[in-house]
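In what follows, a structure is listed as structure tokens, so that the remarks can point back to it.
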Amino acid sequence: QVQLVESGGGLVQAGGSLRLSCAASGRIFSINYMGWYRQGPANQRDLVATITSGGTTNYADSVKGRFAISRDNANNTVYLQMNSLKPEDTAVYFCKAVATTNARSPTYQYWGQGTQVTVSS
């Protein structure tokens, strides 16, 4: 099993910044990609940003130019630097990892417990 632990959420004023972290631990053989998703009042979980083991990134249009995802492969940790935050960024942010636990296992999706980000106007 793989466990993901997120940290760094909180309350910030519009225009401010936050940095989220997500550390993966457990029986990890490889992590194909890691990413951040968010779930707002509509209860839909939407992609924010992903990053592959090779460093290829992908962003939702709504966060391009404001958010930056990065990854520390040696420590199985992914970060999300969020700048110029807006009230509409308010959501629970979830970390996701697509990983294998041994050389023969298929890939599985693992999710963190979520961290609340609230942006006040």
Applying the 4.5 Å side-chain criterion to the ILVMFWY set and letting contacts propagate, would Val98 and Tyr59 be lumped into a single cluster?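 No: no chain of side-chain contacts under 4.5 Å links Val98 to Tyr59.
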Quick check: is Val92 connected to Phe67 through a chain of hydrophobic side chains (ILVMFWY, heavy atoms under 4.5 Å apart)?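 Per the 4.5 Å side-chain linkage, Phe67 and Val92 are not co-clustered.
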Do any pairs count as a ring-ring contact (aromatic ring centres under 6.0 Å, His included) and have a residue in residues 88-110, sequence neighbours left out, and if so which ones?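 ring-ring contact (aromatic ring centres under 6.0 Å, His included) check on residues 88-110 returns no pairs.
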Taking salt bridge (Lys or Arg N to Asp or Glu O under 4.0 Å) as the cut-off, I'd like each qualifying pair that reaches into residues 37-55, sequence neighbours left out, listed once. Arg38-Asp89
Considering only distance and modelled atom types, tabulate donor-acceptor pairs under 3.5 Å from the side chains of residues 18-35, sequence neighbours left out.
residue: Ser30; atom: OG; partner: Thr100; partner atom: OG1; Å: 2.7
residue: Tyr33; atom: OH; partner: Lys96; partner atom: NZ; Å: 3.4

Using the ring-ring contact (aromatic ring centres under 6.0 Å, His included) criterion, which residues pair with Tyr37? Sequence neighbours excluded.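 For Tyr37, the residues satisfying ring-ring contact (aromatic ring centres under 6.0 Å, His included) (neighbours in sequence not counted) are Trp111.
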Output side-chain donor-acceptor pairs under 3.5 Å for residues 73-80, partner residues at least two apart or in another chain, one line each.
residue: Asn73; atom: OD1; partner: Arg71; partner atom: NE; Å: 2.6
residue: Asn73; atom: ND2; partner: Ser53; partner atom: O; Å: 3.1
residue: Asn75; atom: ND2; partner: Asp72; partner atom: OD2; Å: 2.7
residue: Thr77; atom: OG1; partner: Asn75; partner atom: O; Å: 2.9

Please list, chain by chain and in numerical order, all residues satisfying salt bridge (Lys or Arg N to Asp or Glu O under 4.0 Å) with Lys64, sequence neighbours excluded.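 So Lys64 forms a salt bridge (Lys or Arg N to Asp or Glu O under 4.0 Å) with Asp61.
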Heavy-atom closest pair (Thr90 atom, Val119 atom, distance to 0.1 Å) is OG1-N, 2.9 Å
Residues two or more places apart in sequence or in another chain: which of them pass side chain to side chain donor-acceptor pair (under 3.5 Å) with [X]?
{"X": "Thr118", "answer": "Gln116"}
{"X": "Ser17", "answer": "Asn83"}
{"X": "Asn102", "answer": "none"}

Applying disulfide (SG to SG under 2.5 Å), which residue pairs with at least one partner in residues 46-93 are found, sequence neighbours left out? none
